[in-house]
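This structure is a prediction, so every number in the text was calculated from the model and none was measured. When a ligand or atom number is given, it counts from 1 through the structure's own listing order.
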Amino acid sequence: MQTFQHFINGQFVASASGKLFDKRSPLDNTRLGQVAEGGQAEVNAAVAAAQAALHGPWGRMPTDQRVAMLHAVADGITRRFDDFVAAEEADTGQPHHVIAHAFVPRGAANFKIFADIVKNVPAESFVMDTPDGAGALNYAIRRPKGVIGVISPWNAPLLLMTWKVGPALACGNTVVVKPSEETPASATLLGEVMNAVGVPPGVYNVVHGFGPDAAGEQLTRHDDVDAITFTGETRTGTAIMKAAADGIRDVSFELGGKNAGIVFADCDFDAAVEGIFRSAFMNTGQVCLGTERVYVERPLFERFVAALKRRCEAVKYGRPGDAGSNYGPLISQEHRRKVLSYYAKAVAEGANVVTGGGVPDLPGLLAEGAWVQPTIWTGLPETAAVVREEIFGPCCHIRPFDSEDEVVVLANANRYGLSTTIWTENLKRAHRMAAAVAVGITWVNSWFLRDLRTPFGGSKQSGIGREGGVHSLEFYTDLRNVCIKL
Ligand code: NAD
Ligand code: 6OD
């Protein structure tokens with residue numbers, strides 16, 4: 001049985017308190033290992049190590065060398081690909097193809113893309129007139145912001161953590177990561193890669209533990225943390241923003257979503273069914289960009305609901321390595337209780353349960369896991385809790401609509417604004433719709449198709465700021481102007 005230790009100043013260390021907590025398998029609730037429970041002592045040590053590295057070898061390293069080192073980290077992840085896949089499969093229980101094809105490759109890509117970007121961004125400059133006629137030259141320089149606190153969730157642990165760590169390090173910062181308590185494995189493994197490729201101690205630090213009144217909150221309140229990048233629930237974002245306000249620490253937030261999928265009658269029907277199925281049920285619906293509200297143009301409604309129902313009823317429950325298995329459990333028993341409470345609410349609010357709505361009947365040990373059925377509802381008003389609130393489970397409500405104007409109002413009538421997926425063969429309509437929906441990311445005839453150079457983030461209560469490509473530089477660097485009198 002494995003013990004996941006903190007990674008501080010290049011070393012794997014236990015908690016000063018000796019405290020550990022259990023990591024259980026979502027597949028069958030067996031104990032997978034124990035995790036060191038960090039607190040103020042570990043946060044202090046990790047932040048001190050990160051500050052020292054910032055003012056030491058990492059801070060002095062020429063950009064070329066830093067960029068080469070981050071490429072080496074990416075190659076190190078690729079070399080240990082199978083270990084990362086195994087770590088994420090154990091932590092999340094998700095199907096092998098999702099982890100091996102969608103999530104772990106992004107761990108490497110997140111380092112490469114930002115290493116390349118920092119080498120290729122031009123600086124702005126302005127030549128100005130002065131009264132003496134000699135003039136002056138202004139130019140902007142980007143400097144690292146300092147020590148970045150990275151607080152990440154459990155739903156795609158390596159992808160989401162490295163999406164922050166990659167650009168932070170590329171810009172010359174150092175990091176202290178507080179991964180989700182549910183998924184300690186890949187952040188720990190990344191420490192081994194950092195050491196193997198010679199990243200100086202203190203550049204990448206990991207403190208395991210919980211959020212409120214614990215390591216997470218202590219990191220957000222630490223005086224020597226210069227900025228905080230957070231991915232997780234909107235409610236947690238509110239708490240972190242309050243904590244960060246005390247030190248005027250900058251924040252970048254990727255938060256919750258209640259995303260709409262919009263299917264027009266002129267769509268490629270099979271592609272739309274498959275696309276909406278993926279967006280609602282991949283990773284057992286635990287994707288912030290996932291679709292939980294589906295709007296289908298009326299002529300297609302009945303046929304679409306029937307096709308999506310068939311697709312849901314064909315999922316194969318199983319362990320990541322089981323032949324043909326393509327559907328995993330929720331992350332934990334606690335999260336299952338939350339999702340099942342929404343399944344009950346939907347019924348109480350008068351939903352027509354098209355499929356699912358409960359717990360599958362699984363054999364042997366799997367019966368102890370955090371499984372729920374993929375679920376579709378129809379017939380609810382937009383005021384129903386399951387239509388308004390983020391559930392973060394494998395479920396969606398489907399409603400018919402009659403016009404573009406109507407569906408825009410429906411899609412936008414939510415406090416979140418993360419993503420939308422639109423299915424139509426009419427290009428003019430696609431452009432009109434993309435401009436009208438109030439979200440950070442719109443996909444047309446696709447979903448979760450990611451070009452890492454593009455701005456990524458949420459509108460309304462789905463986030464603050466944009467990361468991706470050069471936009472990440474806005475957050476991870478301090479942009480300063482230099483004015484030289486000629
Ligand atoms: P969460 O907010 O419960 O936890 C995320 C992280 O924050 C964990 O590491 C947790 O320990 C820590 N944390 C909790 N309370 C804290 C506090 N007061 N101070 C500091 N740290 C604290 O989220 P989750 O359940 O792990 O993830 C699911 C949520 O994340 C969903 O709402 C989902 O939509 C969102 N999410 C958003 C994006 C995006 O890109 N917008 C991506 C993935 C997940
Ligand atoms: O692709 C990304 O960069 C990203 N941040 C994805 C978020 C997925 C949410 O579950």
query = When Trp163 is tested against each of Phe103, Phe475, Phe230, Phe114 for ring-ring contact (aromatic ring centres under 6.0 Å, His included), which residue passes?
reply =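 Checked Phe103, Phe475, Phe230, Phe114 against Trp163; only one passes ring-ring contact (aromatic ring centres under 6.0 Å, His included): Phe114.
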
Can you find a non-hydrogen atom of [X] under 4.0 Å from ligand 1?
X: Pro179; answer: yes
X: Phe253; answer: no
X: Ser152; answer: yes

Of the listed options Glu217, Lys242, Glu390, closest to atom 31 (C) of ligand 1 (non-hydrogen atoms) =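 The residue whose heavy atom sits nearest atom 31 (C) of ligand 1 is Glu390.
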
Evaluate [X] for polar contact with ligand 1, using N/O atom pairs at a separation under 3.5 Å.
X: Asn155; answer: no
X: Glu233; answer: yes
X: Thr234; answer: no
X: Trp154; answer: yes

request  = Report the part of Ile151 (side chain from C-beta onward, or backbone N, CA, C, O) that has a heavy atom under 4.0 Å from ligand 1; answer both or neither where that applies.
outcome  =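 The answer is the side chain of Ile151.
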
task = Among all protein heavy atoms, pick the one closest to atom 39 (C) of ligand 1 and tell me residue, atom and distance.
result =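 Answer for atom 39 (C) of ligand 1: Cys288 SG, 3.1 Å.
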
task = Check whether more than 12 heavy atoms from other residues, nucleotides or ligands sit under 6.0 Å from atom NZ of Lys338, and answer yes or no.
result =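 It does: Lys338 NZ has more than 12 such atoms within range.
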
request  = In plain terms, say whether Arg221 and Glu217 are close enough for a salt bridge, that is, a side-chain N and a carboxylate O under 4.0 Å apart.
outcome  =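 Yes.
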
query = Can you find a side-chain donor-acceptor pair between His6 and Asn205 that sits under 3.5 Å?
reply =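 There is no such pair (donor and acceptor under 3.5 Å, judged by atom type) between the side chains of His6 and Asn205.
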
task = Write out the protein residues near ligand 2, meaning a non-hydrogen atom under 4.0 Å from one of its atoms, in order of chain and number.
result =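 Contacting ligand 2 under 4.0 Å are Arg106, Asn155, Leu159, Leu160, Trp163, Glu254, Val287, Cys288, Leu289, Phe448, Arg450, Phe456.
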
